[in-house]
Amino acid sequence: MPIDATLPYDDQNVFAKILRGEIPSKKVYEDDWAFAFHDINPQAPVHILVIPKGAWVSWDDFSERASAEEIAGFVRAVGQVARDNGLVVPGFRLLANIGPHGHQEVPHLHVHLFGGRPLGAMLAR
Ligand code: AMP
């Protein structure tokens, strides 16, 4: 079920548990600001999720209230993960779902990196 991205942060969400090491993940990257891992239900040959380490529900509260250092660290980590996984030259898609219309299911900010094949048009028509 898509969540309301204006709700307060729930530290029992699945990505909070992954960050705390309470449930396993296939990690591909970690630094002071971000953690990246393979999506459990990949929608493309490469499907990686990158999450900030801070307790942010969505792009909305992150962009409004995170520190400049935290935002820069997260954005740089996303770029690093794309480069590390060979996505830049063939190209890839970067996506963040926010709230009900965005069909956001996990209430911890995450960006999806999709790649490994031509991805077609951005939205179903
Ligand atoms: P979204 O609709 O943007 O909130 O996407 C949530 C994503 O998290 C989906 O692509 C799920 O397959 C993925 N997901 C949910 N639980 C896990 C998990 N334990 N490990 C890795 N990916 C997960």
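Whatever order the structure lists ligands and atoms in, that order sets their numbers, starting from 1. Nothing fancy with the numbering, it's 1 onward along the sequence.
Closest approach of Y9 to D11, counting heavy atoms only: CE2-CA, 3.7 Å. Here the shortest heavy-atom pairing between V50 and A34 reads CG1-CB, 4.3 Å.
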Only distances under 3.5 Å count here; give the side-chain donor-acceptor pairs of residues 110-119 to other protein atoms, sequence neighbours excluded, each with its distance to 0.1 Å.
unit_1, atom_1, unit_2, atom_2, d
H110, ND1, H108, O, 2.7
H112, ND1, H47, NE2, 2.8
R117, NH2, Q43, O, 3.3

Starting from the N and O atoms of ligand 1, collect every protein N/O partner closer than 3.5 Å and put each pair on its own line with the distance to 0.1 Å.
unit_1, atom_1, unit_2, atom_2, d
ligand 1, 2 (O), H103, O, 3.0
ligand 1, 2 (O), E105, N, 3.4
ligand 1, 3 (O), N97, ND2, 2.8
ligand 1, 3 (O), H110, NE2, 2.7
ligand 1, 3 (O), H112, NE2, 2.8
ligand 1, 4 (O), E105, N, 2.6
ligand 1, 4 (O), V106, N, 3.0
ligand 1, 4 (O), H110, NE2, 2.9
ligand 1, 5 (O), H110, NE2, 3.3
ligand 1, 5 (O), H112, NE2, 3.4
ligand 1, 10 (O), D39, OD1, 3.3
ligand 1, 10 (O), D39, OD2, 2.5
ligand 1, 12 (O), D39, OD1, 2.6
ligand 1, 22 (N), I40, N, 3.1

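Between atom CD1 of residue I48 and atom OH of residue Y29 there is a gap of 12.5 Å, rounded to the nearest 0.5 Å.
Counting only residues at least two apart or in different chains, ring-ring contact (aromatic ring centres under 6.0 Å, His included) contacts with residues 68-104 comprise F62-F74. The list of side-chain hydrogen bond (donor to acceptor under 3.5 Å, both in side chains) pairs with a residue in residues 57-79, not counting sequence neighbours, reads W56-E70.
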